[in-house]
Amino acid sequence: MRYISTRGQAPALNFEDVLLAGLATDGGLYVPENLPRFTQEEIASWAGLPYHELAFRVMRPFVTGSIPDADFKKILEETYGVFSHNAIAPLRQLNGNEWVLELFHGPTLAFKDFALQLLGRLLDYVLEKRGERVVIIGATSGDTGSAAIEGCKHCENVDIFILHPHKRVSEVQRRQMTTIFGENIHNIAIEGNFDDCQEMVKNSFADQSFLKGTRLVAVNSINWARIMAQIVYYFHASLQLGGPARSVSFSVPTGNFGDIFAGYLARNMGLPINQLIVATNRNDILHRFMSGNQYVKETLHATLSPSMDIMVSSNFERLLFDMHGRNGAALAELMSSFKQGGGFSVEQERWTETRKLFDSLAVDDAQTCETIAEVYAQTGEVLDPHTAIGVKAARECRRSLDIPMVILGTAHPVKFPEAVEKAGVGKALELPEHLVDLFEREERCTVLANDLKAVQAFVSLHGNRGKPL
Ligand SMILES: *Cc1c(COP(=O)(O)O)cnc(C)c1O
C-alpha cells in the first residue's frame with residue numbers, strides 16, 4: 001500500500017514510513033493512494049469474529065508490504081488483549097434501534113486507546129526492525145496524553161514526552177498520565193496554557209537540532225495509523241446489528257474529524273452506512289460547514305466537553321481532498337487561502353454531494369447536561385459529556401427510525417465529573433477496577449517554565465531511556 005499527500009507535492013510513502021512521518025513535507029496529510037474495497041459477501045463472512053481477528057481483516061490491506069501477516073496478527077491480539085471488556089467495543093441499547101458503542105474499555109477510558117495502544121506497538125515493531133529509536137513529543141489538554149503514554153510505556157525504542165498545561169488539566173486526567181512510571185516516560189507540566197504547549201511541539205518539529213539526529217514522531221490525530229485503527233469498530237458495530245445486509249447510521253462526537261473520518265472510510269471500503277452525523281460542541285466549525293457551507297475559524301470556547309474544544313479540525317483536510325476529486329494542487333491552494341483569510345466555501349455541487357452522507361449539530365453545555373440527565377432518567381445509564389453530544393445530535397438529525405443508529409461512546413463518564421455533576425447524576429460514578437486507587441498513587445512530573453529552550457534541554461538530557469541523547 002502506498003500513501004500520498006493531500007497537497008500533491010510530497011513523495012509517496014509506504015506504511016512503515018507513513019507511521020513515522022506525521023505531516024507530509026508539503027504540509028499535507030497522508031491518505032492511502034487506493035482504498036481497499038470489500039464485497040458484501042466478504043464482510044458478511046466476518047460476522048462473529050473476535051475483535052482482533054476482525055481488525056486483522058479490515059486493516060491488513062493498509063499494512064501489506066510492511067508487516068507480515070503473522071506479526072500483524074500477534075500485534076493486534078496483544079493490543080486488544082489489554083481492554084477490560086471481553087467484547088472490546090460492546091453495544092449498549094438506549095432506545096428502540098438506538099445504541100451506544102462503548103469505546104471506553106481501554107486502559108485510559110477513552111476511544112483514543114483503540115488507536116494509541118496499536119500505534120505504540122507498531123512503532124516499536126518497526127523501529128526494532130530498523131534498529132532505530134525515536135522521541136515522541138506531544139501536547140495534551142487531556143485524553144491524548146494518557147492514551148499515548150499508556151500506548152508507549154512498554155516500547156523499547158521510544159521515549160515519550162507529554163506536555164500539559166500546569167494546573168489546567170483535571171485531576172483524573174493528570175493522574176492518568178503522572179502515575180505511569182517508566183524510564184522512557186516523561187511528563188512535563190508547562191507553566192502556561194494548552195496553546196503554549198502545542199506551540200512548543202510545533203517549534204520542536206520545525207528545528208530538531210536539539211535531538212542530535214534522533215527522529216521525532218507525532219502521535220496527534222493526524223497520524224494515519226490512528227485513523228486506520230478507528231475504521232475497525234464501524235465494521236464491528238455494523239456486524240452486530242445485521243450488517244452488511246442492513247445499513248447502519250452513526251453519530252460521532254467530533255473535534256479534529258479523525259474518528260468520523262474513519263467512518264467515512266469504512267463506508268468507502270464497502271460497509272453500508274446510511275448517515276454520518278457530525279456532533280460538535282459550541283466549537284462548531286464543522287457544523288457550520290455541514291449546515292451552511294462555511295468553513296471559517298472562530299474564537300475558542302472552553303466547554304464541558306474539552307476533548308472537542310478546537311478551532312480548526314486538522315483531519316477535515318482529508319475529506320476536502322476527496323471532495324475535490326483528490327486534486328492535490330486544488331487542495332494546496334484552498335488550504336493556503338484558508339491560512340491567509342480564515343475561511344472558505346466549496347462549490348455548491350461538492351457540498352451537496354457531501355451532505356448526502358453527512359448531517360451535523362452543535363450542542364451547547366446546557367443541552368449536554370440536559371441530555372445526560374434525560375438519558376439517565378430513561379435508562380439509568382450515565383453518559384460522558386462527549387457521548388451525550390452524540391446522543392443529542394442523533395436524536396435531532398436522524399433520517400430514518402428503521403435504520404439502527406449507533407452513537408460512538410467516546411469516553412467513560414468518570415473522566416468528566418464536572419459535566420456529570422452539573423447534570424445531577426454524578427453520585428453513582430465509580431472508577432473502574434484497574435483505576436480504583438488512582439487518587440492514592442504516587443505521581444511523577446517535572447514542572448518547567450513556559451520556555452522552549454528549557455523544554456528542549458530537558459528532552460536532550462533525558463531522551464534516551466532517561467539518559468542524554
Ligand atoms: C479526542 C476525543 C474526541 C474527538 O475526536 P476527534 O477524532 O478529534 O474528532 C471526542 N471525545 C473524546 C472523549 C475524545 O477524547
Side-chain angles (χ1 to χ4, degrees), residues 29 100-117 119 138-151 164 169-170 172-173 176-177 194 198 218-231 233-234 250-266 276-287 289-290 300 303-319 358 360 362-363 368 372 382-393 407-420:
L29 305 180
V100 169
L101 181 65
E102 295 186 349
L103 300 174
F104 47 76
H105 296 286
T108 73
L109 314 179
F111 82 91
K112 290 185 170 70
D113 288 328
F114 277 81
L116 285 161
Q117 283 295 318
L119 183 63
T140 190
S141 56
D143 293 342
T144 305
S146 55
I149 289 172
E150 276 286 351
H164 71 262
V169 299
S170 77
V172 176
Q173 291 187 320
Q176 283 191 306
M177 298 190 279
F194 174 61
Q198 229 173 356
V219 291
N220 54 7
S221 71
I222 59 148
N223 187 300
W224 163 257
R226 285 185 60 180
I227 307 272
M228 173 184 85
Q230 292 166 200
I231 298 170
Y233 46 68
Y234 287 89
F250 291 90
S251 176
V252 187
T254 312
N256 269 323
F257 206 75
D259 212 3
I260 193 164
F261 184 70
Y264 162 84
L265 293 178
L276 285 173
I277 300 171
V278 175
T280 76
N281 63 25
R282 192 178 161 198
N283 299 294
D284 62 348
I285 184 167
L286 289 166
H287 170 60
F289 178 80
M290 291 298 172
L300 187 69
T303 71
L304 291 174
S305 44
S307 299
M308 294 165 23
D309 286 349
I310 49 90
M311 282 193 287
V312 177
S313 292
S314 40
N315 281 297
F316 191 55
E317 179 167 342
R318 289 184 156 121
L319 182 70
F358 289 97
S360 68
V363 178
T368 304
I372 294 173
V382 179
L383 301 180
D384 105 284
H386 307 81
T387 308
I389 287 172
V391 169
K392 175 75 178 167
I407 296 109
L408 299 202
T410 52
H412 191 292
V414 286
K415 288 195 96 166
F416 301 97
E418 193 188 347
V420 176

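Counting starts at 1 for both ligands and their atoms, in listed order. Everything numeric in this text was worked out from a predicted model, so none of it was measured.
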Are the side chain of T387 and the backbone N or O of T410 linked by a donor-acceptor pair below 3.5 Å?
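Between the backbone of T410 and the side chain of T387 there is a qualifying donor-acceptor contact (under 3.5 Å).
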Establish, from distance only, whether the side-chain atoms of [X] and [Y] form a donor-acceptor pair under 3.5 Å.
{"X": "N281", "Y": "T368", "answer": "no"}
{"X": "N315", "Y": "R318", "answer": "yes"}
{"X": "N283", "Y": "D309", "answer": "yes"}

Going by the rule side chain to side chain contact (heavy atoms under 4.5 Å, CB included), which residues pair with P413 if we only count those two or more places apart in sequence or in a different chain?
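For P413, the residues satisfying side chain to side chain contact (heavy atoms under 4.5 Å, CB included) (neighbours in sequence not counted) are V382, D384, V420, L429.
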Distances only, to 0.1 Å: what are the N or O pairs between ligand 1 and the protein that fall under 3.5 Å?
| unit_1 | atom_1 | unit_2 | atom_2 | d |
| --- | --- | --- | --- | --- |
| ligand 1 | 7 (O) | G258 | N | 3.3 |
| ligand 1 | 7 (O) | D259 | N | 3.0 |
| ligand 1 | 8 (O) | N256 | N | 2.7 |
| ligand 1 | 9 (O) | G255 | N | 2.8 |
| ligand 1 | 9 (O) | N256 | N | 3.3 |
| ligand 1 | 9 (O) | F257 | N | 3.3 |
| ligand 1 | 11 (N) | T410 | OG1 | 3.0 |
| ligand 1 | 15 (O) | K112 | NZ | 2.5 |
| ligand 1 | 15 (O) | D143 | OD2 | 2.4 |

Side chains of M311 and I285: does their closest heavy-atom pair fall under 4.5 Å?
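They are not in side-chain contact.
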